[in-house]
Amino acid sequence: MANKIARTKAREQEPLVRAANFDEVCYGFNMEEAQLEASRCLHCKNPRCVSACPVSIRIPDFIAKVLEGDVQGAAGIIAQDSSLPAVCGRVCPQENQCEGSCILGVKGESVAIGQLERFVADHSTAEAVVAPANGINVAVVGSGPAGLACASDLAKWGYDVTIFEALHKLGGVLQYGIPEFRLPKDKVLAREIDAVRALGVKFETDVVIGRTVTIVQLFDREGFKAVFVGTGAGLPRFMGIPGENLNGVFSANEFLTRNNLMKAFREDYLTPIRAGKKAIVVGGGNVAMDAARTALRLGAETHIVYRRTEKELPARREEVHHAVEEGIVFDMLTNPVEILGDENGNVRAVKCVKMELGEPDASGRRSPQPIPGSEFEIPAETVIMALGTSPNPLIASTTRGLEVNRKGCIVASEEGATSRPGVFAGGDTVSGAATVILAMGAGRKAAKAIDEYIKSL
Amino acid sequence: MFEIVTKKMLTPTICEMDVKAERLARAAQPGQFLIVRADEKGERIPLTISDYDAEKGTVTIVTQQIGASSADIVSYEPGESFADVVGPLGIPSDFVEMSPEELASQRYVFIAGGVGTAPVYPQARWLHERGVKVDVIIGARNKDLFIYTDKMATACDNLYLCTDDGSAGFHGVGTAMLEKLVAEGKSYTRCVAIGPMIMMKFATLTAMKLNIPVTVSLNTLMVDGTGMCGACRVSVGGKTRFACVEGPEFDGSLVDFDEAMRRQRMYLSEEKEAKENHVCRIGRGK
């Protein structure tokens with residue numbers, strides 16, 4: 001029986017070695033490992049993994065090709081539904097999606113679908129079928145996962161797509177947010193973006209839509225027939241506690257952007273960064289794990305401070321596991337109340353209060369309550385706030401008739417249609433901060449809606 | 001890539017460049033800034049926009065050589081290109097939105113210090129072209145450090161030069177000149193101070209003493225310049241604001257300048273090290 005074989009574990013860099021470098025943590029499968037793992041798939045008649053995938057990749061079909069040793073064939077099947085398989089194989093929360101619904105997981109361990117997807121993407125060249133050009137211009141704002149997915153589908157159907165990016169490098173959060181050790185930029189991200197370019201998609205960096213050009217001007221001056229807004233959720237939150245503007249307090253966005261986009265970790269780049277001897281990361285999500293593991297690699301003793309318990313950490317299990325292995329200290333049921341500075345305005349400590357979990361609130365989560373009189377200080381030179389992000393208001397504030405909700409998210413239908421005709425939106429800018437794959441799913445749905453909208457004109 | 005069309009050294013360390021950036025030149029308004037990244041390994045450096053020409057498709061930047069990154073920018077020659085020039089960023093000066101009636105009732109005085117003189121020029125010119133009363137005070141340590149005096153003379157009603165050492169114009173700082181003008185009977189509805197943070201702090205104190213509403217343009221640290229990182233956060237009226245998207249111009253009377261100056265010095269030790277160890281990469285395969 002195929003499911004008697006244990007799940008194949010991908011090889012990884014030793015924790016204490018990788019804690020001091022920015023090379024990728026996981027080495028991925030080789031052919032032998034991939035085929036062994038592929039042999040575990042039961043090829044269910046109604047594959048639950050496919051319905052659990054936000055872009056509905058035909059998972060058992062591509063796994064069958066891997067088993068045959070036809071990696072290029074497997075890549076062709078994935079390419080029909082995903083334009084970023086090397087990225088998704090690495091950063092998708094598979095445990096909640098495809099792997100989470102794998103029938104093998106009920107009694108044992110699910111098929112390592114993410115690792116197999118990554119293996120296929122890393123060992124093939126993307127080839128996609130592109131329809132003849134139809135000469136219709138569509139603009140995509142933002143080169144993150146939502147924009148890339150939307151642009152890929154439209155380009156395959158023959159549209160002339162231009163992606164506008166505010167930063168100098170492409171990929172959005174994949175470029176500035178996710179660190180090199182989880183998603184190598186040149187080897188993996190640049191390669192996937194090149195595959196999107198090969199579909200005929202054009203890219204313009206250094207264009208801030210809403211400032212350099214407005215959405216209205218894209219229609220009126222530049223001849224675009226539809227616009228997709230995939231600008232993500234890039235605005236950082238702070239706690240609003242005293243001392244937050246001391247030198248040495250960062251948003252996770254700033255800390256990660258300096259390191260990932262601006263390559264502060266490399267000696268040959270001019271970007272400054274300050275990890276200090278000891279860094280405190282506030283928050284418990286994936287971004288907190290990324291920031292903490294980055295600070296650690298820059299040489300800081302790193303603590304994660306979170307107000308609930310380890311059980312409630314919103315980060316992926318795998319990320320938490322990796323962080324613990326690398327030596328990051330988790331201070332749970334702890335909440336900062338003030339950041340303390342020295343005479344020069346540099347951070348010297350974080351004053352925290354101990355928390356306890358109270359009754360479950362409306363969301364079902366037990367809400368943390370401070371324990372009176374439990375204040376204590378943790379000495380630190382660096383504090384990184386990883387408390388979540390919200391959408392940038394720039395597009396909404398410069399596009400008349402574009403409705404946003406109270407949280408600043410663009411209001412869009414399930415298909416991505418906004419309150420303004422011809423303007424579509426999807427990804428974090430609509431949902432608030434979520435995952436790469438959900439953004440890609442939203443981008444694909446919007447591409448379909450844009451195609452229908454343009455055909456209806 | 002963004003080509004440098006012209007270059008002129010205004011002082012031994014301050015350089016003016018016209019750079020080809022067509023979309024930016026069409027969209028720029030007084031009070032906004034841009035970000036330059038000279039090459040792949042450079043920082044993203046926020047610079048004020050000193051002029052813009054939609055027809056030629058160029059923007060003018062004035063850079064003072066301070067750290068390693070600004071030295072890199074100054075080292076470029078016409079015909080060469082910067083890797084990135086992005087903008088315009090920030091909110092334009094508030095007078096851009098004023099009605100003609102409102103503008104007609106205004107009497108502006110600008111206090112410009114050092115390299116901050118350059119971004120005053122498009123603001124003064126915009127107002128002067130619309131018939132608004134504009135006086136400009138330019139302060140410098142000595143007469144050799146003035147920039148933009150000839151251009152500025154054509155963009156205002158009265159230009160007052162001040163030097164700390166008395167080598168030209170009024171012997172004293174710009175704020176003393178403002179006090180003198182008001183004592184002589186001039187009255188202003190708005191003071192705009194642009195220059196080093198410390199100069200804007202004292203200009204604000206003087207303007208407040210003279211009961212003139214004061215605007216300052218904050219040159220904070222930034223990375224992306226679009227609201228993503230928060231490196232530029234400043235306390236304004238007790239609230240944290242992002243200078244890149246909510247500024248760069250703020251009501252000076254509400255700005256916590258001491259905090260802003262301290263935050264500007266965040267990487268001073270690192271920058272010093274970078275400058276000392278800096279290996280010039282000019283001619284690196286361009």
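Chain letters run A, B, ... following the sequence lines, proteins first, then strands; residues in each count from 1. Every heavy atom of this structure was used, including side-chain atoms; hydrogens, water molecules and symmetry mates were not.
- With respect to chain B, the highest number of heavy-atom pairs below 4.5 Å among A:Thr205, A:Val249, A:Thr389 belongs to A:Val249.
- Interface remark: A:Leu256 contributes no atoms to any contact with chain B (heavy atom separation under 4.5 Å).
- Counting non-hydrogen atoms of neighbouring residues, nucleotides and ligands closer than 6.0 angstrom, the CD atom of B:Glu55 reaches no more than 12 such neighbours.
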Check: Is there a side chain to side chain contact (heavy atoms under 4.5 Å, CB included) between A:Leu246 and B:Arg262 once you walk through the steps?
Finding: CA-CA 8 Å; A:Leu246 286 167; B:Arg262 193 244 299 147; 4.1 Å; yes
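- Across A:Gln217, A:Met385, A:Lys169, the residue that shares the most heavy-atom pairs under 4.5 angstrom with chain B is A:Lys169.
- Between chain B and the options A:Gly240, A:Pro393, A:Ala252, A:Gly234, the largest number of non-hydrogen pairs under 4.5 Å is found for A:Gly234.
- A salt bridge is defined here as a Lys NZ or Arg NE, NH1 or NH2 lying under 4.0 Å from an Asp or Glu carboxylate O, and A:Glu222 with B:Arg23 meets this definition.
- In this structure, A:Phe250 and B:Tyr267 have tilted ring planes: the angle between them lies in the 30° to 60° band.
- Chain A forms more heavy-atom pairs under 4.5 Å with one residue of B:Val234, B:Val245, B:Thr226, B:Leu34 than with any other, namely B:Thr226.
- Contacts between B:Gln32 and chain A at a heavy-atom distance below 4.5 Å involve the side chain alone, from C-beta outward.
- Comparing A:Asn392, A:Asn247, A:Leu167 by how many heavy-atom pairs each has under 4.5 Å with chain B, the most go to A:Asn247.
- Top candidate by heavy-atom pairs under 4.5 Å with chain A, chosen from B:Ala27, B:Gly227, B:Ala21, is B:Gly227.
- By the neighbour-count criterion of 12 heavy atoms within 6.0 Å, atom CD of B:Glu97 is sparsely surrounded, having that number or fewer from other residues, nucleotides or ligands.
- In terms of modelled atom types and a separation under 3.5 Å, the side chain of A:Arg211 and the main chain of B:Gly90 share a donor-acceptor contact.
- Side-chain contact check for A:Arg258 versus B:Cys229: every heavy-atom pair is 4.5 Å or farther apart.
- Heavy-atom distances place no part of A:Arg237 under 4.5 Å from chain B, backbone and side chain included.
- Residues A:Asn346 and B:Met266 have side chains not in contact (no heavy-atom distance under 4.5 Å, counting atoms from C-beta outward).
- With a 4.5 Å cut-off on non-hydrogen atoms, A:Glu244 touches chain B through its backbone but not through its side chain.
- Proximity of A:Leu270 to B:Asp72: side-chain heavy atoms (C-beta onward) are separated by under 4.5 Å at one or more points.
- Considering only heavy atoms from C-beta on, B:Val86 stays 4.5 Å or farther from A:His168 through its side chain.
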From CA spacing to verdict: side chain to side chain contact (heavy atoms under 4.5 Å, CB included), B:Leu89, A:Val208: CA-CA 8 Å; B:Leu89 299 168; A:Val208 183; 3.9 Å; yes
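- Side-chain atoms of B:Ser235 and A:Asn245 include a donor-acceptor pair closer than 3.5 Å.
- With a threshold of 4.5 angstrom between heavy atoms, A:Leu394 does not approach chain B through any atom at all.
- Per-residue counts of heavy-atom pairs under 4.5 Å with chain A were compared for B:Pro88, B:Gly230, B:Ala28; the largest is that of B:Pro88.
- Both the backbone and the side chain of B:Arg263 come within contact range of chain A, with heavy atoms under 4.5 Å apart.
- A donor-acceptor contact closer than 3.5 angstrom links the side chains of B:Glu40 and A:Tyr269.
- Proximity to chain A (any heavy atom under 4.5 Å) is restricted, for B:Arg26, to the side chain, taken from C-beta onward.
- Contact count versus chain A (heavy atoms, under 4.5 Å) is highest, among B:Ile35, B:Leu24, B:Thr240, B:Asp224, for B:Thr240.
- Atom CZ of residue B:Arg233 and atom OG of residue A:Ser251 lie 7.0 Å apart, to the nearest 0.5 angstrom.
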Subject >> Derivation and outcome, side chain to side chain contact (heavy atoms under 4.5 Å, CB included), residues B:Arg265 and A:Asn344 >> reply: CA-CA 10 Å; B:Arg265 291 193 297 265; A:Asn344 296 319; over 6 Å; no
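- In this structure, A:Asp186 places its CG atom where only 12 or fewer heavy-atom neighbours from other residues, nucleotides or ligands lie under 6.0 Å away.
- Heavy atoms of B:Ile45 lying under 4.5 Å from chain A are absent altogether.
- Side-chain contact check for B:Lys41 versus A:Met262: every heavy-atom pair is 4.5 Å or farther apart.
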(request) Kindly indicate, with the supporting measurements, whether the criterion side chain to side chain contact (heavy atoms under 4.5 Å, CB included) is fulfilled by B:Met228 and A:Glu254. (result) CA-CA 7 Å; B:Met228 253 178 57; A:Glu254 178 183 356; over 6 Å; no
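- Using a 4.5 Å cut-off between heavy atoms, A:Phe255 does not touch chain B at all.
- Using a 4.5 Å cut-off between heavy atoms, A:Thr212 touches chain B through backbone and side chain atoms alike.
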